[in-house]
Each structure stands twice: as C-alpha cells, then as structure tokens.
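This report concerns only the one structure given below.
Just so you know, residue 1 is the first one in the sequence shown, and it goes up from there. Atoms within a ligand are numbered from 1 in the order they appear, just like the ligands themselves. All heavy atoms count here, side chains included; hydrogens, waters and symmetry mates do not. Note that the coordinates shown come from a computational prediction; the quantities given were computed from them, not determined experimentally.
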Amino acid sequence: MINLDNYSSIFIANWKLNGNYSFLKEYYEKLKVNSNNCTIICSSSIYLQSLKGNNKNLFCGAQDVSLFKEGAYTGELSASMLRDNNIDFCLVGHSERRQYFAETNNNVKTKSLNLIEENIIPVICIGETLEQKENNLTEEILFTQIKESIPNSATHQNALIAYEPVWAIGTGLTPTLDEINQVHELIKNFDQKFINYKVLYGGSVKSSNSKEITELTHVDGCLIGGASLKVDEFNTIIS
Ligand code: 13P
C-alpha cells in the first residue's frame with residue numbers, strides 16, 4: 001500500500017464522466033507531476049489501465065467500486081478486480097453517487113471495507129448540502145456521515161477523507177478559507193483516531209484558489225473536478 005506519510009499534499013483529479021483516448025494522450029504529454037506531492041487521476045474505469053505510467057508519484061484511482069465482492073451482479077467492478085489491475089485509490093461516497101445513485105452511508109462503509117481488504121485506499125467523501133448548511137446542520141451531518149461511512153478497519157494510513165460541500169461542487173462557490181479550515185479541524189477532532197487522517201478539500205478548486213486552500217493548517221490536499229480536466233490548470237494546482 002502507498003505510504004501516505006511520504007507526501008506533504010495529495011491532489012486528486014476526478015474526471016467524472018469525461019475523457020477519451022485522445023484527451024488522455026494529450027493530458028499525459030503535458031502533465032507535470034511534482035515529486036513532493038501524491039497526484040492521483042481518477043478516470044472512468046475503462047481508461048485506468050492506459051493511465052498507469054512509470055512515474056512513481058502519479059497514481060490512478062477508480063471513481064467507484066461495487067458493494068459486492070463477486071457473483072451475479074451484472075455491470076459491476078469489484079475491489080479485487082481493481083487490485084488485480086494495480087489500482088491504488090478509489091473514491092467512495094461522492095455526493096453525485098449519493099444523489100443520483102442513492103448511495104447510503106452504509107453502502108460507503110461496505111465499499112470502503114472491501115477496498116481496505118484489497119489494500120486500496122478509499123477516498124471517503126462527505127459534505128453537507130446548502131439547505132443543511134443554512135440550517136446550521138453542517139456539523140451534525142458530517143459527524144453522521146463519518147460515523148456511518150468509515151469502517152472500523154480504516155486508519156490514517158489506509159484511508160483518506162475528502163470534505164466536499166455539495167453546494168460548492170461545480171458552482172464556483174466555496175466556503176471561506178476560515179470555514180474550510182474550521183471544518184477540517186472539526187473532522188480531525190471528531191474522534192482521537194481521526195487526528196492524523198489526511199483530509200482533502202473539494203468543491204470549485206481552481207488554480208486561482210488552490211494555493212491558499214492547500215496552505216491551510218488542517219487541509220492536506222484537494223479533490224478537483226472541473227479544473228482537473230484542463231491540464232495547464234491542473235499543473236498549476238499541483239505545482
Ligand atoms: P468541481 O471541482 O468541479 O467543483 O468538482 C468537485 C468534485 O466533485 C470533485 O470530486
């Protein structure tokens with residue numbers, strides 16, 4: 001398993017349902033990976049094999065995994081299949097999966113457990129909606145998501161947490177820097193065992209705000225959607 005302690009920051013590109021072979025080729029020709037950071041590209045699973053390169057600081061991740069280990073589940077991709085393909089990371093519980101595919105905290109927990117068993121690092125995504133934020137429910141929602149989504153076998157060495165406020169995803173809106181730092185501190189202090197977790201921020205990260213976000217004391221990197229599709233923009237973010 002990758003030693004997360006080796007890296008000062010972690011940057012994850014979440015390409016979502018975007019990309020094709022020519023996009024990938026051009027992206028890789030221009031991508032400049034920084035050796036201090038761990039950079040992870042999460043493409044659609046069908047492209048993951050072509051993404052694997054020789055750069056030791058560049059990793060690839062899946063965007064989802066099956067709840068099931070094997071069996072009659074047409075269309076699914078298991079954690080052991082990801083391991084078989086040398087995939088080291090996998091997003092779980094992204095708000096788009098929770099929203100459009102009815103993924104529950106319990107599903108996220110099972111998926112994370114299956115991934116950890118296969119030595120794949122789950123990137124466990126949590127975050128509140130705008131309505132929840134406006135009703136001052138952020139803390140409660142995040143605590144429930146953490147309690148119910150993170151399996152007991154998770155540690156700061158085999159799992160990552162990504163805080164992505166749902167209202168900040170793809171909107172150009174972000175919490176203030178103070179808010180981001182406070183929420184990350186809250187997550188790490190929720191229980192003693194989370195103190196050393198690396199917690200990434202996601203939601204409208206771009207080259208113009210990534211530096212100040214990454215420099216926050218309780219932020220250990222970023223999960224980037226739209227801006228990660230533009231390689232020049234992503235190069236600036238990870239530089
Ligand atoms: P944007 O960076 O496009 O807001 O998306 C964030 C995200 O969902 C990353 O997982």
Side-chain angles (χ1 to χ4, degrees), residues 9-19 23 27 31 37-45 47-48 51 59-65 87-103 105 107-108 111-112 115 120-130 132-133 138 141-142 145-146 149-150 159-177 179-180 183-184 187 197-214 216 219-239:
S9 294
I10 297 177
F11 294 98
I12 307 182
N14 177 9
W15 286 359
K16 308 190 181 186
L17 190 56
N18 296 291
F23 171 84
Y27 199 96
L31 183 64
N37 301 326
C38 172
T39 303
I40 304 155
I41 309 274
C42 295
S43 69
S44 294
S45 296
Y47 296 116
L48 284 172
L51 275 175
F59 301 96
C60 46
Q63 296 176 10
D64 187 34
V65 66
I87 305 306
D88 295 304
F89 294 85
C90 182
L91 303 179
V92 260
H94 190 282
S95 67
E96 287 150 15
R97 300 231 39 106
R98 292 176 185 265
Q99 191 181 347
Y100 305 129
F101 302 95
E103 195 154 287
N105 288 335
N107 294 157
V108 176
K111 289 181 176 192
S112 301
L115 289 164
I120 297 169
I121 297 176
V123 182
I124 302 168
C125 303
I126 56 172
E128 82 286 0
T129 63
L130 186 58
Q132 289 161 342
K133 178 182 165 63
T138 301
I141 293 296
L142 296 182
Q145 288 177 335
I146 285 177
S149 309
I150 303 186
L160 290 166
I161 297 175
Y163 168 56
E164 295 205 298
V166 181
W167 53 273
I169 295 177
T171 58
L173 303 172
T174 56
T176 64
L177 292 174
E179 281 173 329
I180 295 175
V183 173
H184 280 234
I187 293 168
Y197 266 67
K198 289 196 189 296
V199 182
L200 315 184
Y201 170 77
S204 295
V205 174
K206 39 188 185 281
S207 60
S208 57
N209 62 13
S210 60
K211 188 166 185 289
E212 50 194 15
I213 293 175
T214 315
L216 293 168
V219 174
D220 303 292
C222 293
L223 174 52
I224 306 121
S228 75
L229 292 169
K230 298 173 203 134
V231 67
D232 295 336
E233 178 88 359
F234 191 60
N235 277 336
T236 311
I237 294 172
I238 64 178
S239 68

Checklist line | Check: Trp15 ring centroid to Tyr47 ring centroid under 6.0 Å | finding: no
Margin query: Within the structure, is a non-hydrogen atom of Lys16 found at a distance of less than 4.0 Å from ligand 1?
Written below: yes
Check: Can Gly202 be said to touch ligand 1, with heavy atoms closer than 4.0 Å?
Finding: no
Given 3.5 Å as the limit, does a donor-acceptor pair link the side chain of [X] with the main chain of [Y], or not?
| X | Y | result |
| --- | --- | --- |
| Asp220 | Val199 | yes |
| Tyr163 | Pro165 | no |
| Gln145 | Gly127 | yes |

Purely on distance, is any nitrogen or oxygen of [X] under 3.5 Å from one on ligand 1?
| X | result |
| --- | --- |
| Thr171 | no |
| Gly170 | yes |
| Ser204 | yes |

For [atom], what is the closest protein heavy atom, and at what distance to 0.1 Å?
| atom | answer |
| --- | --- |
| atom 6 (C) of ligand 1 | Glu164 OE2, 3.5 Å |
| atom 3 (O) of ligand 1 | Gly226 N, 2.8 Å |
| atom 2 (O) of ligand 1 | Gly225 N, 2.9 Å |

Check each heavy atom of [X] against ligand 1 and say whether those closer than 4.0 Å belong to the side chain, the backbone, both or neither.
| X | answer |
| --- | --- |
| Ile169 | both |
| His94 | side chain |
| Ala168 | backbone |

Check: Does the side chain to side chain contact (heavy atoms under 4.5 Å, CB included) test come out yes or no for Cys222 and Leu200, once each step is laid out?
Finding: CA-CA 5 Å; Cys222 293; Leu200 315 184; 5.8 Å; no
Check: Looking only at side chains, do Glu164 and His94 share a donor and an acceptor under 3.5 Å apart?
Finding: yes
Item checked: Arg98-Asn105 side chain donor-acceptor pair, cut-off 3.5 Å -> yes
Note to self: Are Leu31 and Asn235 packed together at the side-chain level, in the sense that at least one heavy-atom pair is separated by less than 4.5 angstrom?
What the structure shows: yes
Notebook entry, point to check: For ligand 1, which atoms, with element, lie under 4.0 Å from some heavy atom of Asn14?
Noted result: 9 (C), 10 (O)
